[in-house]
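Worksheet: the structure to be examined is printed underneath.
This one's a predicted model, so the numbers in the text were calculated from it and none came from an experiment.
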Amino acid sequence: MDAYDKDSDARQGLGRDGREGPPGPDGAAEQTGGSDGTEEASAPGGTGGTGGTGGTVEVPEAREMPEAPSGPRTGFAALSPRYQVGAVAALVAVAVAVCAHIGLVFLHVAPSNTLTKEHGSAVDEWVFPEFEQNWKLFAPNPLQQNVAVQVRAEVGTADGGIRTTGWYDLSAEDGRAIDGNPLPSHTVQNELRRAWDFFVSSHDSEDRPVGLRGSLSETYLRRIALLRLDRNGAAGPGGVVERVQYRSRTTNVEPPPWSGEKVSDRPTYRELPWWSVTPERNDGNRDDGNRKVGARKDAGEGGAA
C-alpha cells in the first residue's frame with residue numbers, strides 16, 4: 001500500500017500541499033494554481049492541472065476599428081473660431097439695428113404717447129426723410145377719459161305738482177349689466193355710448209344742432225331717457241315725465257406712475273338744456289279727452305231723444 005501511494009503521488013505531482021505536479025508533454029513539470037489565485041499554466045483543451053479551480057483562457061486583444069473619414073465641413077462650421085465669433089457679432093448687430101428701426105417707425109405712426117413726447121425729436125431725426133410714413137396707427141386716438149352719461153327728469157305728480165328727480169347714472173347701469181355677464185347684449189354695450197357720441201358729433205359747443213342729424217340725435221336721446229326712466233320707476237305712482245335733462249361727467253384716466261404726466265382728477269360736467277317730452281303725449285291725451293267728451297255728448301243727445 002505504501003509503495004502504491006508513493007507511486008500515485010509521484011504521478012499526480014503537487015497536490016494541495018504545494019508539491020510538484022505531473023510532468024508535461026515535454027517532460028517538464030506543469031505549474032498548477034490553487035484556489036488562492038496563483039498563476040496557472042494553460043493545459044491542452046483549456047483545463048488546468050489537478051488540484052486547482054480551473055485554468056485560464058487567453059482572450060485575444062480587441063483591435064480598434066479605424067475611424068471613418070469625415071466629409072469636409074461646410075457653412076458656418078467651416079469657419080475658424082475667430083471668424084465664427086465675428087459672424088455672430090455681425091448677426092447680433094444687424095438684429096439690433098432692425099429692431100431699433102421697427103421700434104422707431106412704430107413710434108412715428110403711433111398716437112401721441114409718453115415716449116413720443118419725450119423722444120419725439122430723436123424719432124423724427126431717424127424717420128425723416130428716408131423712412132417717412134403717411135399713415136397713422138390706431139386712429140383716432142384711443143380714449144383717455146371716462147365719460148358717464150346721466151339723466152334726470154321733471155315729473156308731474158298726480159296732485160298737479162312738479163318734482164325733479166335725482167340724477168340717474170345710465171352708464172353705471174350699463175356697467176353693472178355687463179360685469180359678470182359672459183355674453184352681454186349689443187344694446188347694453190353700445191346703445192347709450194353711440195347715442196351720446198352721435199349727439200356730441202352733431203352739435204356745436206353751444207349744444208346747438210348742426211343739420212338734420214343734430215335733431216335726429218336729440219330725438220334718439222329723448223327716447224332712451226324715457227325708456228330708462230320708466231325702467232327705474234322715476235315717475236312714481238300716477239306721475240308723468242314732462243321734461244328730461246342730460247349731463248355728462250368726464251374724468252381723466254390716471255396715467256401710470258412712471259410716465260411723469262400730471263392730469264387733473266377733478267370731474268368736469270356738461271349739462272344739456274331741458275328737453276320737453278310731453279307734447280306728443282299731451283296731444284294724444286287731448287285727443288283722447290275730446291273723443292271722450294264727444295262720446296258723452298252723443299250719449300246725452302241719444303238719451304234725450
Side-chain angles (χ1 to χ4, degrees), residues 92-152 166-182 184 186-210 213-214 217 220-221 224 228 245-273:
V92 171
V94 171
V96 171
V98 170
C99 292
H101 173 71
I102 294 175
L104 290 172
V105 173
F106 173 80
L107 292 175
H108 173 68
V109 299
S112 179
N113 53 68
T114 304
L115 290 177
T116 54
K117 290 177 181 178
E118 186 173 354
H119 305 287
S121 58
V123 173
D124 293 341
E125 288 178 2
W126 174 263
V127 171
F128 293 105
E130 289 84 2
F131 308 114
E132 182 180 2
Q133 305 292 318
N134 60 355
W135 60 280
K136 290 294 182 181
L137 190 66
F138 305 134
N141 293 337
L143 292 176
Q144 299 181 359
Q145 295 175 327
N146 290 324
V147 180
V149 179
Q150 303 172 349
V151 68
R152 65 178 177 177
W167 289 102
Y168 290 88
D169 195 334
L170 306 184
S171 297
E173 292 178 2
D174 289 347
R176 288 191 295 269
I178 293 172
D179 289 344
N181 187 353
H186 178 76
T187 302
V188 172
Q189 296 182 78
N190 299 313
E191 180 186 54
L192 180 65
R193 177 179 60 84
R194 290 187 175 179
W196 185 255
D197 291 341
F198 182 26
F199 174 85
V200 172
S201 62
S202 59
H203 284 69
D204 58 17
S205 58
E206 301 296 329
D207 297 327
R208 292 173 298 192
V210 179
R213 291 176 59 85
S217 66
Y220 189 29
L221 281 177
I224 293 177
R228 298 296 185 90
Q245 183 183 28
Y246 274 98
R247 77 173 181 181
S248 64
R249 181 180 185 272
T250 304
T251 55
N252 293 316
V253 176
E254 185 178 357
W258 49 263
S259 66
E261 186 178 357
K262 301 296 183 181
V263 296
S264 174
D265 57 353
R266 298 183 59 184
T268 57
Y269 293 91
R270 176 183 179 180
E271 287 192 4
L272 305 185

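Every residue was checked against the salt bridge (Lys or Arg N to Asp or Glu O under 4.0 Å) condition with Arg249, not counting sequence neighbours, and none meets it. Shown here are the side chain to side chain contact (heavy atoms under 4.5 Å, CB included) partners of Glu173, two or more places apart in sequence or in another chain: Tyr168, Leu170, Arg176, Arg228, Asn232. Glu261 is linked by a side chain to side chain donor-acceptor pair (under 3.5 Å) to nothing, counting only residues two or more places apart in sequence or in another chain. Remark: His119 pairs with Leu115 by the side chain to side chain contact (heavy atoms under 4.5 Å, CB included) rule, at least two apart or across chains. Asp207 is linked by a salt bridge (Lys or Arg N to Asp or Glu O under 4.0 Å) to Arg270, counting only residues two or more places apart in sequence or in another chain. Asp204 pairs by the salt bridge (Lys or Arg N to Asp or Glu O under 4.0 Å) definition with Arg208, not counting sequence neighbours.
Contact of the His108 side chain with the Thr116 side chain is not registered, since no non-hydrogen atoms from C-beta on lie closer than 4.5 Å. Two residues are said to be in side-chain contact when any heavy atoms from C-beta on lie closer than 4.5 Å; Val253 and Asn146 meet this criterion. Annotation: side chain of Gln189 is in contact with side chain of Ile178 (closest heavy-atom distance under 4.5 Å). Annotation: side chain of Tyr246 is not in contact with side chain of Phe199 (no heavy-atom distance under 4.5 Å).
For Trp167 against Arg152, the heavy-atom pair with the smallest separation is CZ2-NE, 3.3 Å. Closest approach of Trp196 to Arg247, counting heavy atoms only: CH2-C, 4.5 Å.
Listed for the Ser171 side chain is a donor-acceptor partner under 3.5 Å among the backbone atoms of Val149. With hydrogens and angles ignored, the 3.5 Å screen pairs no side-chain donor or acceptor of Gln144 with any backbone N or O of Asn252.
Ring geometry, Phe131 versus Trp126: the interplanar angle falls under 30°, so the pair is classed parallel (tilted spans 30 to 60°).
With a 6.0 Å radius and a threshold of 12 heavy atoms from other residues, nucleotides or ligands, Arg213 has its CZ atom at or below the threshold.
Between the CD1 atom of Ile102 and the CG atom of Leu107 there is a distance of 12.0 Å, given to the nearest 0.5 Å. Residue Arg194 holds its CZ atom at 4.5 Å from NE2 of His186, rounded to the nearest 0.5 Å.
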